[in-house]
Amino acid sequence: MAAAGLPLPPGKMAAALLAWFDRHGRHDLPWQHPATPYRVWISEVMLQQTQVATVIPYYEAFIARFPSVEALAAAPLDEVLRHWAGLGYYARARNLHQAARQVVERHGGRFPDTLEALEALPGIGRSTAGAILAQAHGIRAPILDGNAKRVLARLAAVEGWSGTAAVQRRLWELAEACTPAARVRDYTQAIMDLGATVCTRSRPACADCPLGDGCRARAEGRQGELPASRPRRELPVRRTRLLLITDPEAGVLLERRPPTGIWGGLWSLPECGWDTDPTELVRARYHGEVRSWRPWPARVHTFTHFRLEFTPWQGAINRPSHWVLEPDRTLWYNVGLSEPPGLAAPVRALLEGMRN
DNA sequence: AAGCCGGGGTG
DNA sequence: CACCCAGGCTT
């Protein structure tokens with residue numbers, strides 16, 4: 001195994017990537033000519049969480065209005081924000097303005113050329129600082145933007161979501177190991193171009209990839225599952241009770257769900273929220289009496305937009321013949337004897353479990 | 001570690 | 001509609 005878990009030596013990786021870049025990379029982006037620190041900086045900040053095609057027109061207008069860091073520092077913030085309007089993440093514009101003033105006041109208008117000094121400027125984190133060093137100053141420094149993350153995660157088959165500290169650390173390790181000293185400008189552009197045009201999030205064009213032979217994700221056929229996507233945000237939980245009213249002879253009382261809402265039109269158990277007295281509900285709705293209630297262990301069912309946690313609330317009764325049921329809305333179902341009606345899945349599972 | 005910022009593109 | 005994008009800052 002090559003360094004840092006890469007399936008190929010970093011030198012080979014960089015060489016293959018650079019050869020590909022010469023033929024297929026993007027060489028005509030507005031901020032590449034000339035790639036001054038100021039122009040690279042503006043582009044990098046605009047490109048944070050924003051796609052190239054969206055950025056280009058904003059970039060042209062911004063540079064035309066604020067051609068230098070001095071011009072930007074001297075401009076009123078409102079003017080800067082006006083040129084940012086529509087790009088989103090407006091803190092970027094405020095930070096840009098603030099950083100321009102710091103560069104003029106503390107660095108005499110010269111952009112710093114160390115990671116530490118760059119990261120001290122508002123709106124410049126580790127990746128943006130690395131990009132400025134590499135692309136504007138030609139100094140070897142790794143970047144780790146969304147493109148590089150995707151390429152590296154697939155190349156070395158890095159497990160887990162890049163939002164966690166451990167995966168982040170691992171990816172920075174890989175980025176550090178892969179970044180070459182020679183042609184670091186081109187390499188930095190190359191890994192982003194590869195991620196943007198070949199190693200795309202969905203349907204990557206692996207057949208066109210210069211790293212094809214050395215990619216673990218491809219070798220394992222796991223391009224689709226790497227890098228792991230952000231875990232779905234925890235779904236809101238709704239808790240309720242489902243009344244499991246049973247009679248030895250009649251069976252279980254089922255009730256049809258209203259036509260809209262969850263399980264619309266399906267058969268389920270009567271629902272009784274935690275703020276409702278089940279005994280009163282049964283009296284009011286069925287003119288029935290329940291001798292005793294007994295809770296069962298809660299069960300969980302997941303919908304696309306929320307999680308339902310329901311507690312089966314078993315009620316024993318004496319004389320089901322006295323209950324008044326609306327024919328099309330309520331029925332006694334004898335588990336195992338009659339054909340089951342269209343049941344909500346978790347209810348079917350619950351009743352299925354009762355037979356055993 | 002998690003939340004937040006945001007308009008736009010994509011399956 | 002859900003998810004993601006050339007991330008960084010705050011809590």
Side-chain angles (χ1 to χ4, degrees), chain A residues 21 25-32 35 39-59 62 81 83-99 102 115-116 118-136 141-154 160-169 171-172 175 179 185-205 223-236 302-306:
Chain A
F21 174 75
R26 293 178 291 190
H27 301 269
D28 299 309
L29 295 169
W31 40 89
Q32 294 176 318
R39 290 166 55 87
V40 169
W41 170 51
I42 301 296
S43 75
E44 286 301 326
V45 173
M46 281 192 174
L47 286 162
Q48 287 168 6
Q49 298 291 289
T50 311
Q51 299 190 341
V52 170
T54 305
V55 162
I56 288 177
Y58 284 90
Y59 180 81
F62 195 93
L81 285 170
H83 281 74
W84 206 272
L87 259 187
Y89 284 117
Y90 299 98
R92 292 186 295 175
R94 292 190 291 274
N95 286 334
L96 211 57
H97 189 234
Q98 187 62 31
Q102 291 184 14
L115 212 52
E116 190 181 9
L118 283 170
E119 283 192 72
L121 295 170
I124 299 183
R126 185 172 173 187
S127 185
T128 299
I132 294 172
L133 284 182
Q135 299 196 301
I143 62 154
L144 193 62
D145 70 325
N147 289 310
K149 279 183 192 169
R150 193 166 50 249
V151 170
L152 296 172
R154 283 182 175 149
W161 175 51
S162 68
T164 67
V167 175
Q168 190 85 242
R169 192 165 55 245
L171 290 171
W172 272 112
T179 305
R185 281 192 176 86
D186 289 346
Y187 171 84
T188 300
Q189 188 62 46
I191 195 166
M192 291 191 287
D193 286 357
L194 189 78
T197 64
V198 173
C199 194
T200 51
R201 180 166 63 88
S202 54
R203 301 175 154 283
Q223 303 97 316
E225 57 189 86
L226 293 176
S229 56
R230 178 199 196 93
R232 301 178 70 82
R233 219 164 56 78
E234 186 153 356
L235 298 172
T302 302
F303 294 86
T304 50
H305 52 306
F306 70 97

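All of these numbers come straight from a predicted model, not from anything done at the bench. A note on names: the letters A, B, ... follow the listed sequences, proteins ahead of strands, and every chain is numbered from 1.
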Exercise for the section: Can you tell me the distance, in whole Å, between the CZ atom of A/R92 and the C1' atom of B/dC5? Expected result: 9 Å
Fill in the blank from the handout: In whole angstroms, the gap separating P of C/dG8 from CG of A/L115 amounts to 11 Å
Completion exercise
Rounded to whole Å, the CZ-P distance (A/R94 to C/dG7) equals 19 Å
Exercise for the section: Give a yes-or-no answer on whether the side chains of A/T197 and A/R26 include a donor-acceptor pair shorter than 3.5 Å. Expected result: no
Exercise for the section: Write down the distance separating the P atoms in B/dG8 and C/dC9, rounded off to the nearest Å. Expected result: 24 Å
Practice task
Determine the contact category for A/W161: base if any of its heavy atoms lies under 4.0 Å from a base atom, sugar-phosphate if only primed atoms, P, OP1 or OP2 are that close, otherwise nothing.
Solution key: nothing
Completion exercise
When rounded to whole Å, the CD to C1' distance for the pair A/Q48 and C/dC9 reads 11 Å
Handout entry: Sugar-phosphate, base or nothing in reach of A/A165, heavy atoms under 4.0 Å
Key = sugar-phosphate
Practice task
Could you label the plane-to-plane angle of the A/F21 and A/H27 rings as parallel, tilted or perpendicular, counting under 30° as parallel and over 60° as perpendicular?
Solution key: tilted
Handout entry: Length of the CZ-C1' vector between A/R230 and C/dA2, whole Å
Key = 13 Å
Problem - A/S229 vs A/S127, nearer the 5' end of DNA chain C by closest nucleotide - result: A/S229
Problem - Separation between the P atoms of B/dG6 and C/dT11, rounded to whole Å - result: 15 Å
Handout entry: Touch class at under 4.0 angstrom, heavy-atom based, for A/L29 against every strand present
Key = base
Fill in the blank from the handout: Between A/Q135 and A/P122, the residue closer to the 5' end of DNA chain C by nearest nucleotide is A/Q135
Practice task
Mind checking A/Q189 for me? I need base, sugar-phosphate or nothing, with any heavy atom below 4.0 Å counting as a touch.
Solution key: base
Problem - For A/T179, all residues meeting side chain to side chain contact (heavy atoms under 4.5 Å, CB included), sequence neighbours excluded - result: A/R140, A/P142, A/V184, A/Y187
Problem - Between C/dC3 (P) and A/E225 (CD): distance, integer Å - result: 18 Å
Practice task
Taking atom types as modelled, find out whether A/N147 and A/R150 have a side-chain donor-acceptor pair closer than 3.5 angstrom.
Solution key: yes
Fill in the blank from the handout: Rounded to the nearest 0.5 Å, the CG atom of A/L96 sits from the NE2 atom of A/H83 at a distance of 12.5 Å
Practice task
Keeping the roles fixed (side chain from A/S43, backbone from A/V40), state whether a donor-acceptor pair exists under 3.5 Å.
Solution key: yes
Handout entry: Any residue meeting side chain to side chain contact (heavy atoms under 4.5 Å, CB included) with A/Q32, in chain and number order, not counting sequence neighbours
Key = A/L29, A/Q189
Completion exercise
To the nearest angstrom, the CZ-C1' distance between A/R126 and C/dC9 comes to 17 Å
Problem - d(CH2, A/W41; C1', C/dG8) in whole Å - result: 14 Å
Output a table of nitrogen or oxygen pairs between the protein and nucleotides 7-11 of chain B separated by less than 3.5 Å.
none

